[in-house]
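Here's the structure, in structure tokens; my notes come after.
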Amino acid sequence: MSDRREILNSLMQELDLGGGVCSLVNGALRHGAGAAITLEDPYARSELTSYPDCGADLAGEACEAADAAQKTWAQLSAAARGDVMQEIARAVTSHAAPLAQLEALVAGKPIRDARVEVAKVAEMFRYYAGWADKIHGEVIPVPSGHLNYTLREPLGVVFQITPWNAPIFTAGWQIAPAICAGNGVVIKPSELTPLTTVALVRIAEGAGLPRGLVNVLCGLGPTTGQAAIQHPAVRKVIFVGSPETGRRVAMTAAEALKPAVLELGGKSANIVFADANLEHACLGAQAAIFSGAGQSCVAGSRLLVQRSVHAELTQMISEGMNRITLGDPLDDATEIGPISNRRQYAHIQSMIANAATGGAAVQTRTDLPKEGYFVPPTLLTGLGNSAEAAQTEIFGPVVTAIPFDDEEDAIAIANDTEFGLAGAVWTRDLGRAHRVSAAVRAGTFWINSYKAIHVSSPFGGSLNSGWGRSSGTDALMEYTSPKAIWLDSGEVPKIAFGYVS
């Protein structure tokens, strides 16, 4: 374990993160003063380090710093903001190796996945850099004869809360569109995985991002998070995480009359018809649920298979999942790492046990690494869609396979959920593919594919999956507000009330 602590210390030194876990406020690394928070290595099941909760006072300073810096940032030309964001993209790329290692070590994400996600963060800044000088309003032909046009203005300061399953990815996903639109940012990563977010913003500041424009709070939701939501400088709240916590965040924001964007959970249906290429569907089903150890909001956790091929496809998946490599996240050969934290590991184990008690046939593996919070790829059969395992987000490498009879049946089962985030259909019938895509309630839907995602495409859901969109041009609408300007160009103004002496 001492070796892994040494790796952590070396990476923190390389990324200029100081001697411990610190918040980043107004360009300076700052220690909190609250309760101790432990960072645990999910592979070694041992403490990596600990740090004090940021707390309300430091959260207030961060909001004030963002407010001051935003006013200067918004006065820059849009092209100048885009230039800074291009420099950030280049800087992230140049620091890709230590960022990926830090993500793998602290979050338990396989290094091969972490490298991809760091590259995507650089792409996010490049993409929105190109949009910085293309955010504009429109001219509206109002009947009164006025010249009526709109501007899209930044909100001011936004507060963002990101999760432990993809810390650096979600940091870039939220920060890039916010600053592109001219806003200041206060961001609170999960207290379990804060380091790569701090590192990302340090790198961005080194590349020219004004200090104080983006501030990182390392702390707990009930203390640090609540204080930031309630701060008068904050104009909007963005939350990525569980529905339970999302409800609390939304209620706190609503009490302060602040809007929120919520990216919450999912129980997505991956639908396979009998005419599909079953080899492709098998690979897609594994990618949908086993990659990232199933710790993804869009995971294809419900596998709906037409009854005539249900046994064949589930057998293919069962055999294929035995060949996936589980191991140390820092090892290039690892395809599935450990569950990111002890609490989530216990939840997944409890869900599997409950499913077995409820009559599920559980197909899994026993050849696990000796260390770590490992849950092997697991296939549950013999359950209906009303079962707990089919309705509750497990957030692990556990898929519930459910048979269906026909297209109408598949759509009905897919929509029989409190979530509305994602889904997929596998079929050679293009007409059916489009009908199912239109009928299933989801913000993202794939045809003969799964988990393709890009910063240029809108992402979000409905119902217990949240509301709002946080990528593509839709995100720029979330981070700006329209202002209508009316110009009366007539020689005599169109005012129908009042007197002059």
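In this chain, numbering begins with 1 at the start of the sequence shown. Quantities reported herein were computed from a predicted structural model and do not represent experimental measurements.
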Intermediate values then yes/no, side-chain contact (heavy atoms from CB on, under 4.5 Å), Glu191 and Thr224
CA-CA 10 Å; Glu191 67 274 11; Thr224 301; over 6 Å; no
Assess the residue pair Glu418 and Asn464 against the criterion (side chain to side chain donor-acceptor pair (under 3.5 Å)); give the C-alpha distance rounded to whole Å, side-chain angles, the decisive distance to 0.1 Å, and a yes or no.
CA-CA 6 Å; Glu418 295 181 346; Asn464 282 6; 3.1 Å; yes
Applying side chain to side chain donor-acceptor pair (under 3.5 Å), run through Asn183 and Trp73 and close with a yes or a no.
CA-CA 8 Å; Asn183 296 286; Trp73 177 249; over 6 Å; no
Show your working on side-chain contact (heavy atoms from CB on, under 4.5 Å) between Lys258 and Arg235 and close with a plain yes or no.
CA-CA 6 Å; Lys258 296 175 183 180; Arg235 293 291 181 262; 5.7 Å; no
Check the pair Val186 / Val234 against side-chain contact (heavy atoms from CB on, under 4.5 Å), numbers first and verdict last.
CA-CA 9 Å; Val186 177; Val234 169; 5.5 Å; no
Hey, mind stepping through Phe419 and Leu421 against side-chain contact (heavy atoms from CB on, under 4.5 Å) and telling me if it holds?
CA-CA 6 Å; Phe419 296 96; Leu421 188 59; 5.5 Å; no
Using the rule given for ring-ring contact (aromatic ring centres under 6.0 Å, His included), can you reason through Phe395 versus Trp164, listing the C-alpha separation, both sets of side-chain angles and the distance that settles it, and then say yes or no?
CA-CA 12 Å; Phe395 218 66; Trp164 48 259; 5.6 Å; yes
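Here the closest heavy-atom approach between residue Pro167 and residue Asn165 is recorded as CD-C, 3.7 Å. Pairing each heavy atom of Ala414 with each of Ala269, the nearest pair is CB-CB, 3.7 Å. Nearest heavy atom pair, residue Ala74 against residue Pro154, reads CB-CG, 4.3 Å. Across Pro397 and Ile339, no two heavy atoms sit closer than the pair CD-CD1, 4.0 Å. The shortest non-hydrogen separation linking Leu303 to Ala285 is CD1-CB, 4.1 Å. Here the closest non-hydrogen pair linking Leu463 and Thr417 is CD1-O, 4.4 Å.
Salt bridge present: Glu87 and Arg90 bring a charged side-chain N and a carboxylate O closer than 4.0 Å. The pair Lys109-Glu117 counts as a salt bridge, with a side-chain nitrogen and a carboxylate oxygen less than 4.0 angstrom apart. The pair Asp416-Arg302 fails the salt-bridge criterion, with no side-chain N (NZ, NE, NH1 or NH2) lying under 4.0 Å from an Asp/Glu carboxylate O.
Annotation: side chain of Ile394 is in contact with side chain of Lys267 (closest heavy-atom distance under 4.5 Å). Using a 4.5 Å heavy-atom cutoff, the side chains of Thr150 and Lys483 are not in contact. Looking at Met351 and Thr392, their side chains come closer than 4.5 Å, going by heavy atoms from C-beta outward.
In this pair, Trp173 and Phe169 present their aromatic rings parallel. The plane angle is below 30°, not in the 30 to 60° band. Ring orientation note: the planes of Tyr127 and His454 are nearly perpendicular, at an angle over 60° on the 30°/60° scale.
Between the side chains of Gln174 and Tyr479, at least one donor-acceptor pair of N or O atoms lies under 3.5 Å. For the residue pair Ser462/Ser465, the side-chain donor-acceptor check at 3.5 Å is not satisfied. Residues Thr196 and Glu103 bring a donor and an acceptor atom of their side chains to less than 3.5 Å of each other. A donor-acceptor pair shorter than 3.5 Å cannot be found between the side chains of Gln86 and Tyr128. Under the 3.5 Å distance criterion, with hydrogens and angles disregarded, a donor-acceptor pair is assigned to the side chains of Ser291 and Lys451.
Heavy-atom neighbours of Arg432 CZ from other residues, nucleotides or ligands within 6.0 Å: above the threshold of 12. By the neighbour-count criterion of 12 heavy atoms within 6.0 Å, atom CG of Asp57 is sparsely surrounded, having that number or fewer from other residues, nucleotides or ligands.
Atoms CE and OG, on Met124 and Ser471 in that order, are 9.0 Å from each other to the nearest 0.5 Å. Interatomic distance, Arg342 CZ to Thr38 OG1, rounded to the nearest 0.5 Å: 9.5 Å. Taking CG of Asp83 as the start and CG of Leu76 as the end, the distance is 10.0 Å to the nearest 0.5 Å. In this structure, Leu195 CG and Leu8 CG are separated by 6.5 Å, a value rounded to the nearest 0.5 Å.
Between the side chain of Asp53 and the main chain of Leu220, a donor-acceptor pair closer than 3.5 Å is present.
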